[in-house]
Amino acid sequence: MSLTRCLLVQTEIKEFIKQCMLAVGTKASHASSLADVLVEGDLRGHYSHGLNRMDLYVKEIQAGICAKEGKPVVEKESVATALVNGNNLLGPVVGNFCMSLALKKAQDVGIGWVVANGSNHYGIAGYYSMQALKKNMIGMCYTNTSPLVVPTRGKECTLGTNPISVAAPAKDGDSFELDMATSAVALGKVELQARNGRSIPEGWGCDANGLPSSDPKAVLSGGGLVPVGGSETTGGYKGYGLALMVEVFCGILAGSHYSKYIRTWRMTNCRANLGQCFVALNPEFFADGFNDRMSDLLSLHRNLEPAGPNMPVMVPGDPERRHNQPCHELNGIPYSLSVVKHMNEVASTLGVTPLLPTNRLIQ
Ligand SMILES: NC(=O)c1ccc[n+]([C@@H]2O[C@H](COP(=O)([O-])OP(=O)(O)OC[C@H]3O[C@@H](n4cnc5c(N)ncnc54)[C@H](O)[C@@H]3O)[C@@H](O)[C@H]2O)c1
Ligand SMILES: O=C(O)C[C@H](O)C(=O)O
């Protein structure tokens, strides 16, 4: 069996990402915020949104379309709401600022609803909604993204993979953690398949004529993803509706770019001006016993008799826990060598010491 993966320690990947971002002039605290989000994506098994994406942020800073330093600014505010100008900073810098503002408002008045314009790609949406769990609150987060998804009955990409994430605390540190693209999959998963020279399952995307395709290159060059639910007959119009809902909360509410007016994915000649939405809800302002009922809701599902052997019923967040737990036990995250090789090539152009996977190869 060939060894195609390697085990890397969290701290070394964070440092590697940070050094690459510093090499292109990013402020140190901003580089650290980005490294934290990306490594959390990998820890949760969403390799599409971890180290695999580092080159995107490096290129955007190098191209001068994303700001290296500065602060987000609150432009309008009430006790429960805020409109923030992200000042074209890295998405995680805008996201951390907005989510902490939403949490503060929810602490005081029960709800905080904060929207940002002038933002950039922020990694996994769940990173921000899950910040609410530490305060025993419900968190929600949404972002629009570049047009990559074909609406039901269409063949032009007019919607991003516009993720939805909702996190809700249960008892003893347990939680519901829904974090999903509103397309059948995140585009990053198609990029990873292409990088690893593999095909994609039918039902993820289509070619330039709107026909189903299992060739990741056809989806990435001229084709598109389909909404969650797939075709019209399998309920894809619901995913299409959810992607539009994300635009209502993000691009439309925040006054940023939206839909097909957002720049093409990975284009580096203009700013993204993404819209994002961060919500915190404080259960203390609602019925008593929230955490007890949440625990009951989660365990009643996990304890259901499965339809097949060795396939226990899970709740959203469980697959990520299953990936995360062994990483902590092994003190390392398994990475595909092709991703490490690609990012080492990026690092070499920046004069940054490469990651050294060779003595830590695994199957
Ligand atoms: N920043 C962006 O622009 C952007 C855009 C799209 C996606 N993303 C991120 O990409 C990541 C991956 O998205 P995805 O849609 O491919 O994720 P996914 O399909 O792997 O998982 C989606 C959700 O389903 C849950 N889930 C999976 N299997 C389950 C099961 N058997 N039972 C119950 N729940 C289950 C997961 O816990 C998760 O909450 C997310 O973190 C998302 O935020 C980011
Ligand atoms: O942000 C995007 O446009 C792409 C997204 O990160 C995804 O992988 O779906």
Side-chain angles (χ1 to χ4, degrees), residues 34 37-38 40-50 52-57 60 90-92 94-95 119-130 139-149 157-168 175-195 200-201 203-205 216 219-220 224-229 239 242-243 246-247 250-251 257-260 262-267 272 274-277 297-298 301-302 304 306-308 311-324:
L34 176 71
V37 182
L38 296 190
E40 187 62 25
D42 288 331
L43 265 173
R44 294 177 70 74
H46 293 300
Y47 288 110
S48 50
H49 288 76
N52 174 56
R53 276 286 164 79
M54 186 192 75
D55 58 336
L56 172 91
Y57 305 95
E60 293 194 346
L90 283 165
V94 181
S119 192
N120 282 294
H121 198 275
Y122 70 13
I124 56 167
Y127 184 80
Y128 309 94
S129 55
M130 287 189 305
M140 296 195 278
C141 188
Y142 312 88
T143 181
N144 64 16
T145 73
S146 296
L148 292 163
V149 180
C157 292
T158 54
L159 288 160
T161 53
N162 298 2
I164 288 178
S165 86
V166 181
S175 47
F176 165 84
E177 295 165 7
L178 177 69
D179 181 16
M180 52 170 270
T182 49
S183 45
V185 282
L187 182 85
K189 291 188 177 162
V190 180
E191 291 177 325
L192 272 183
Q193 292 298 96
R195 193 160 280 159
I200 53 169
W204 281 17
V219 172
L220 293 170
L225 297 169
V226 294
V228 71
L242 287 172
V246 171
E247 276 298 14
C250 295
H257 285 166
Y258 58 91
S259 182
K260 63 189 262 186
I262 301 175
R263 59 136 195 241
T264 308
W265 176 238
R266 285 189 182 264
M267 186 188 266
L274 299 185
Q276 293 165 346
C277 174
L297 182 68
L298 300 182
H301 284 94
R302 288 181 181 131
L304 289 172
M311 296 285 276
V313 177
M314 297 188 284
V315 296
D318 284 350
E320 289 76 9
R321 282 184 198 100
R322 282 169 186 232
H323 187 270
N324 192 327

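Just follow the structure's listing: the first ligand is 1, and inside any ligand the first atom is 1. Sequence positions, counted from 1, serve as the residue numbers for this chain.
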Open item on the list: Checking contacts here: is it the side chain or the backbone of M314 that comes within 4.0 Å of ligand 1, counting heavy atoms only? Could be both or neither.
Closed with: both
Task: Closest contact, heavy atoms only, L274 versus N120 - done: CD1-C, 3.6 Å
Open item on the list: Could you tell me, atom by atom, which parts of ligand 1 come under 4.0 Å of a heavy atom of A125?
Closed with: 43 (O)
TODO: Using a strict 4.0 Å cut-off to heavy atoms of K189, name the atoms of ligand 1 that fall inside it.
DONE: 12 (C), 14 (P), 16 (O), 17 (O), 18 (P), 20 (O)
Open item on the list: Please compare L56, N120, T161 and report which has the shortest non-hydrogen distance to atom 9 (O) of ligand 2.
Closed with: T161
Open item on the list: Could you tell me, atom by atom, which parts of ligand 1 come under 4.0 Å of a heavy atom of Y122?
Closed with: 1 (N)
- [ ] Could you say whether the N/O atoms of G317 and ligand 1 ever approach to under 3.5 Å?
- [x] yes
Open item on the list: Determine whether L56 and R266 satisfy the following criterion, side-chain contact (heavy atoms from CB on, under 4.5 Å), listing intermediate values before the conclusion.
Closed with: CA-CA 7 Å; L56 172 91; R266 285 189 182 264; 3.9 Å; yes
Open item on the list: On a heavy-atom basis, I'd like to know which of V37, D179, V246 is closest to atom 42 (C) of ligand 1.
Closed with: D179
Open item on the list: Using a 4.0 Å cutoff against the non-hydrogen atoms of E177, which atoms of ligand 1 qualify?
Closed with: 39 (O)
Open item on the list: Before we go on, tell me: are the rings of H323 and Y47 under 6.0 Å apart, centre to centre?
Closed with: yes
Open item on the list: How long is the straight-line distance from CG of L159 back to OG of S146, given to the nearest 0.5 Å?
Closed with: 12.0 Å
TODO: State whether the shortest distance between N or O atoms of S183 and N or O atoms of ligand 1 falls below 3.5 angstrom.
DONE: no
Task: For atom 1 (N) of ligand 1, the protein heavy atom that lies nearest, with its residue and separation - done: G123 O, 2.7 Å
Open item on the list: Would S48 count as a contact residue for ligand 2, given that I'm defining contact as a non-hydrogen atom of the residue lying under 4.0 Å from a ligand atom?
Closed with: no
Task: Distance, nearest 0.5 Å, that separates CG of D318 from CG of L298 - done: 8.0 Å
TODO: Report yes or no: do S165 and S129 form a side-chain donor-acceptor pair below 3.5 Å?
DONE: yes
Task: Working for side-chain contact (heavy atoms from CB on, under 4.5 Å), residues I164 and L242 - done: CA-CA 8 Å; I164 288 178; L242 287 172; 4.1 Å; yes
Task: Protein heavy atom at shortest distance from atom 7 (C) of ligand 2 - done: L187 N, 3.3 Å
Task: N/O separation below 3.5 Å, G126 to ligand 1 - done: no
TODO: Carefully, step by step, assess T143 and Y122 under the rule side-chain contact (heavy atoms from CB on, under 4.5 Å).
DONE: CA-CA 8 Å; T143 181; Y122 70 13; 3.5 Å; yes
- [ ] Could you tell me which atoms of ligand 1, counted from 1 in the order shown, lie closer than 4.0 angstrom to a heavy atom of T145?
- [x] 2 (C), 3 (O)
Open item on the list: Under 4.0 Å from a heavy atom of A181: which atoms of ligand 1 are those, numbered in the order shown and with their elements?
Closed with: 6 (C), 7 (C), 13 (O), 14 (P), 15 (O)
- [ ] Please check if the side chain of N144 supplies one atom and the backbone of H257 the other of a donor-acceptor pair under 3.5 Å.
- [x] yes
Open item on the list: Checking E320 against H46: is there a side-chain donor and acceptor pair closer than 3.5 Å?
Closed with: yes
- [ ] Can you pull out the closest protein heavy atom to atom 2 (C) of ligand 1? Residue, atom name and distance to 0.1 Å, please.
- [x] H121 NE2, 3.6 Å
Task: For H49, atoms of ligand 2 separated by under 4.0 Å from a heavy atom - done: 5 (C), 6 (O), 7 (C), 8 (O)
Open item on the list: Please determine whether a side-chain nitrogen of the Lys or Arg among E60 and R53 lies less than 4.0 Å from a carboxylate oxygen of the Asp or Glu.
Closed with: no
TODO: Report, in ascending order of atom number, the atoms of ligand 1 lying under 4.0 Å from any heavy atom of P319.
DONE: 26 (N), 27 (C), 28 (N), 29 (C), 35 (C), 37 (O)
Task: Heteroatom distance test (W265, ligand 2): nitrogen or oxygen, under 3.5 angstrom - done: no
Open item on the list: I'd like to know if atom 24 (O) of ligand 1 has any protein heavy atom within a distance of less than 4.0 Å.
Closed with: no
Task: Y127 atom OH, neighbour heavy-atom count above 12 within 6.0 Å - done: yes
Open item on the list: Check whether T161 reaches the backbone of S183 with its side chain - one donor and one acceptor, N or O, closer than 3.5 Å.
Closed with: no
TODO: Name the closest protein heavy atom to atom 12 (C) of ligand 1, giving the residue it belongs to and the distance to 0.1 Å.
DONE: H46 ND1, 3.4 Å
Task: Residue, atom name and distance, where the atom is the protein heavy atom closest to atom 6 (C) of ligand 1 - done: T161 OG1, 3.1 Å
Open item on the list: Restricting to non-hydrogen atoms, name the atom on L148 and the atom on W265 that form the minimum distance, rounded to 0.1 Å.
Closed with: CD2-CB, 3.7 Å
TODO: Classify the contact between M180 and ligand 1 as side chain, backbone, both or neither, using a heavy-atom distance cut-off of under 4.0 Å.
DONE: both
Open item on the list: Tell me the protein heavy atom at minimum distance from atom 3 (O) of ligand 2, and give that distance in Å.
Closed with: T145 CB, 3.1 Å
Task: Heavy-atom pair of closest approach, residues N162 and A243 - done: ND2-O, 3.1 Å
Open item on the list: Under 4.0 Å from a heavy atom of E320: which atoms of ligand 1 are those, numbered in the order shown and with their elements?
Closed with: 36 (C), 37 (O), 38 (C)
Task: Those atoms of ligand 2 less than 4.0 Å from some heavy atom in G188 - done: 7 (C), 8 (O)
Open item on the list: Before you tell me yes or no, could you show the steps for R44 and R321 under side-chain contact (heavy atoms from CB on, under 4.5 Å), namely the whole-Å CA-CA distance, both residues' side-chain angles and the distance that decides it to 0.1 Å?
Closed with: CA-CA 7 Å; R44 294 177 70 74; R321 282 184 198 100; over 6 Å; no
Task: Atoms of ligand 2 close to A186 [distance to a heavy atom under 4.0 angstrom, numbered from 1] - done: 7 (C), 8 (O), 9 (O)
Task: Atoms in ligand 2 flagged as close to H121, the criterion being non-hydrogen separation under 4.0 Å - done: 1 (O), 2 (C), 5 (C), 6 (O)
Task: Protein heavy atom at shortest distance from atom 8 (N) of ligand 1 - done: H49 NE2, 3.4 Å
Task: Exercise: identify the closest heavy-atom pair between A272 and I262 - done: O-CG2, 4.2 Å
Open item on the list: At less than 4.0 angstrom from any non-hydrogen atom of R53, what atoms of ligand 2 do you find?
Closed with: 5 (C), 6 (O), 7 (C), 8 (O)
